[in-house]
Structure formats: structure tokens, C-alpha cells
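Values in this document were obtained by computation on a predicted structure and should not be read as measured data. Numbers restart at 1 for each chain; the letters A, B, ... are given by sequence-line order, proteins then strands. All values below were derived from every heavy atom in this structure, side-chain atoms included, with hydrogens, water molecules and symmetry-related copies excluded.
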2 protein chains.
Amino acid sequence: MNDTFQALSSTVRRKILAYLSKTDLTAGEISDRFEMSKPALSKHLSILMNAGLIQGDKKGQFVHYSLVKENLFANMNDFLVNFCPQGRPLKMESAELAKNKNSSE
Amino acid sequence: MNDTFQALSSTVRRKILAYLSKTDLTAGEISDRFEMSKPALSKHLSILMNAGLIQGDKKGQFVHYSLVKENLFANMNDFLVNFCPQGRPLKMESAELAKNKNSSE
DNA sequence: TAAGTATTTAACTAATAGGTTAATTATATC
DNA sequence: GATATAATTAACCTATTAGTTAAATACTTA
């Protein structure tokens, strides 16, 4: 449980969860949304993975990250983010991204 | 929210919350239950205070700590602790302590 | 096969966390 | 007022965290 709470104790990581709330995203797509180096972001992703909050699926040269929807804490964060000033817009952006992904299939 | 998750990311601190789940305890009574110096424990208490999870009331030379019951995360932890192997016995001990406190009043 | 793109790993640095002991503050008691 | 007790603060040490840039790995495509 330490790992889970530790993972959730970072604004960056909770934002990542918000971005993933409505759609899957590649490491690069996530990274584009933060002013931070790719290696730094990659570390955040691995922390979220180790906590079991997200999973990564390699497809060719891309790694597609998605929420582990069965995870109680991922769901809790998804709920809490609605009450967080920064959370809502990120969730909306996640929904927009999902729409675009579906229409381009 | 960072402070809250950070506070919850420590087993020691979650145990403190479990001990406080059924009764108030002084800093010393809490400290007695951990193999750690009093100053170290005092720091844990102040981290929990800063996160708004517990409050301390000074009565004479003692400081009585208690859960902030209105805090969503304190309640969440109280709930989660039931499913945690270490959590249950601590909550039971907390209930025992509460019983003794009441009978000695 | 060479060159380009996506991602992670390695090596490093600065700041933070979590512990220690010693000192301080505040209250109680003789 | 001197002494003991409860708790916190101060000063210090070590380990971990969060970032950086450079290098490595894996895949795609000309």
C-alpha cells in the first residue's frame, strides 16, 4: 500500500492518471503534455506501473499506457479528480483525445 | 492533496491512524507502541497533523492526539485498514484502549 | 543496411525524508 | 525553587526522490 500512496502523492502522477481516465495514450503523447524530459516522465510511468495503477502495452515501437480499471485506487483518483481544480480539464482533454482516436480508426 | 497521500504512504503513519481509530492517545502512548525514538515519532505526528488527518490538544504536559473524523482520507484509511493484515489487530487494540480509558474515568 | 523515431536505462546532482542524539520548552510535584 | 516528566526542536547523517543529459535498445522505413 505504501507504493500506491507514494505513487499518488505526486501532482504529475495524478495528472497522468487523469489524462488516462478516458483514453489510452502512448508514452510520447503523455510526455508531450508535461514540461519535463522524457526520461523523467518515463520514471513517473514506471512508478505508476509498479503501484499497479497503470499498465503498458508495447505495440511496435510505441508503448500504450492505460489505467488498470480494476484498481481501487485508480478508481478513487478518477473520482477525486472531479473535485480538484486541475483535474477536470485534464479529464475533459482525455475525453477529447478518446474521441479523436476513435474517429481516426 | 500531495501532503495527504504522502502522509498515508508510510506504514508507521497508517498504523498511528489505526491506533487512533477508536480512541484518543497521547504522544507518549503512541510512541510506546513503536520501536523508534520519540522525536522520530513526533515528526510522524506532525506530518499527519499537517495533512489534516489528526489533531493534537494540549492538556497540561500531555498532548492528546485524535483522528480528524471529518477528513475523507482518515475515513478511507479506517475503512482500508480492515483489509490490511496488520491493520485489524491495531484497530482492536485501539478499541481495548478506549474501553480502559472509559472505565477509568 | 543505414538513418530516424520511441522509449528506457545509466550516471549524475540537488532536494527531501526519515532516522539518530542532545538540547529546549512547558508543566507537574516535592 | 529544584527536580522529574512529556513533548518538541535543533543539528546532524544517510537513503531516497525527482530531475537532468547522454547512451542504449528496439522498432520502422527509405
Side-chain angles (χ1 to χ4, degrees), chain A residues 1-20 23-67 86 97 100-101 104, chain B residues 1-20 23-67 73 86 97 101 104:
Chain A
M1 212 138 88
N2 287 12
D3 288 351
T4 303
F5 283 121
Q6 178 58 34
L8 290 168
S9 73
S10 147
T11 303
V12 169
R13 289 191 291 263
R14 290 197 308 278
K15 283 185 179 177
I16 293 173
L17 294 179
Y19 277 127
L20 293 176
T23 188
D24 300 358
L25 292 172
T26 68
E29 288 172 323
I30 299 170
S31 169
D32 288 345
R33 291 173 167 76
F34 293 89
E35 294 192 343
M36 188 186 300
S37 68
K38 282 177 191 299
L41 213 112
S42 184
K43 277 196 208 174
H44 283 297
L45 291 171
S46 78
I47 289 168
L48 289 167
M49 284 248 289
N50 290 335
L53 291 162
I54 66 172
Q55 61 195 13
D57 294 305
K58 182 151 194 181
K59 293 181 188 169
Q61 62 189 150
F62 297 87
V63 179
H64 292 256
Y65 285 96
S66 57
L67 283 193
Q86 303 166 322
L97 287 165
N100 298 340
K101 290 220 172 187
S104 66
Chain B
M1 212 137 92
N2 287 12
D3 288 350
T4 302
F5 283 121
Q6 179 58 36
L8 290 170
S9 75
S10 146
T11 303
V12 169
R13 290 191 292 264
R14 289 197 309 278
K15 283 184 179 177
I16 293 172
L17 295 179
Y19 277 128
L20 293 176
T23 188
D24 301 358
L25 292 172
T26 67
E29 288 173 323
I30 298 170
S31 168
D32 289 346
R33 291 173 168 76
F34 293 90
E35 296 191 342
M36 189 186 300
S37 68
K38 283 176 191 302
L41 213 113
S42 185
K43 276 196 210 173
H44 284 296
L45 290 171
S46 79
I47 288 169
L48 289 167
M49 285 249 287
N50 290 335
L53 292 164
I54 66 173
Q55 60 195 13
D57 296 306
K58 182 152 193 181
K59 293 180 186 169
Q61 63 190 148
F62 297 86
V63 179
H64 292 255
Y65 285 96
S66 57
L67 282 193
F73 290 90
Q86 302 166 321
L97 287 165
K101 290 221 170 184
S104 66

Can you see if the side chain of [X] gets near the phosphate of [N] - specifically, an N or O under 4.0 Å from OP1 or OP2?
{"X": "Y65(A)", "N": "dA6(C)", "answer": "no"}
{"X": "S37(B)", "N": "dT20(C)", "answer": "yes"}
{"X": "H44(A)", "N": "dG19(D)", "answer": "yes"}
{"X": "S10(B)", "N": "dG18(C)", "answer": "no"}

Between [atom1] on residue [X] and [atom2] on residue [Y], distance to nearest 0.5 Å:
{"X": "I16(B)", "Y": "L45(B)", "atom1": "CD1", "atom2": "CG", "value": "5.0 Å"}
{"X": "D32(A)", "Y": "T26(A)", "atom1": "CG", "atom2": "OG1", "value": "7.5 Å"}
{"X": "S9(A)", "Y": "M1(B)", "atom1": "OG", "atom2": "CE", "value": "11.0 Å"}

Which nucleotide in the set [options] lies at the smallest distance from any side-chain heavy atom of [X]?
{"X": "K43(B)", "options": "dA22(C), dT8(C), dG19(C)", "answer": "dG19(C)"}
{"X": "Q61(A)", "options": "dA18(D), dG19(D), dT5(C)", "answer": "dT5(C)"}
{"X": "P39(A)", "options": "dT21(D), dT8(D), dA17(C)", "answer": "dT21(D)"}

5'-most by nearest nucleotide on DNA chain D - K58(A) or L41(B):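 In this pair, the answer is L41(B).
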Using a heavy-atom cut-off of under 4.0 Å over every strand shown, decide if [X] touches base, sugar-phosphate, or nothing.
{"X": "A40(B)", "value": "base"}
{"X": "S31(B)", "value": "nothing"}
{"X": "F34(B)", "value": "nothing"}
{"X": "T26(A)", "value": "sugar-phosphate"}

Can you tell me the distance, in whole Å, between the [atom1] atom of [X] and the [atom2] atom of [N]?
{"X": "L45(B)", "N": "dG18(C)", "atom1": "CG", "atom2": "C1'", "value": "14 Å"}
{"X": "N2(A)", "N": "dA17(C)", "atom1": "CG", "atom2": "P", "value": "15 Å"}
{"X": "M49(B)", "N": "dT9(D)", "atom1": "CE", "atom2": "P", "value": "9 Å"}
{"X": "L25(A)", "N": "dT7(C)", "atom1": "CG", "atom2": "P", "value": "11 Å"}
{"X": "K38(A)", "N": "dT20(D)", "atom1": "NZ", "atom2": "P", "value": "12 Å"}
{"X": "I30(A)", "N": "dA6(C)", "atom1": "CD1", "atom2": "C1'", "value": "13 Å"}
{"X": "R13(A)", "N": "dT17(D)", "atom1": "CZ", "atom2": "C1'", "value": "9 Å"}
{"X": "L48(B)", "N": "dA17(C)", "atom1": "CG", "atom2": "P", "value": "14 Å"}

For residues L8(B) and L53(B), determine if any side-chain heavy atom of one lies less than 4.5 Å from a side-chain heavy atom of the other.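 Yes. Closest side-chain heavy atoms under 4.5 Å.
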Could you report the tightest heavy-atom contact between R13(B) and H44(B), atom names first, then the distance?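 Minimum heavy-atom separation between R13(B) and H44(B): NH1-ND1, 3.1 Å.
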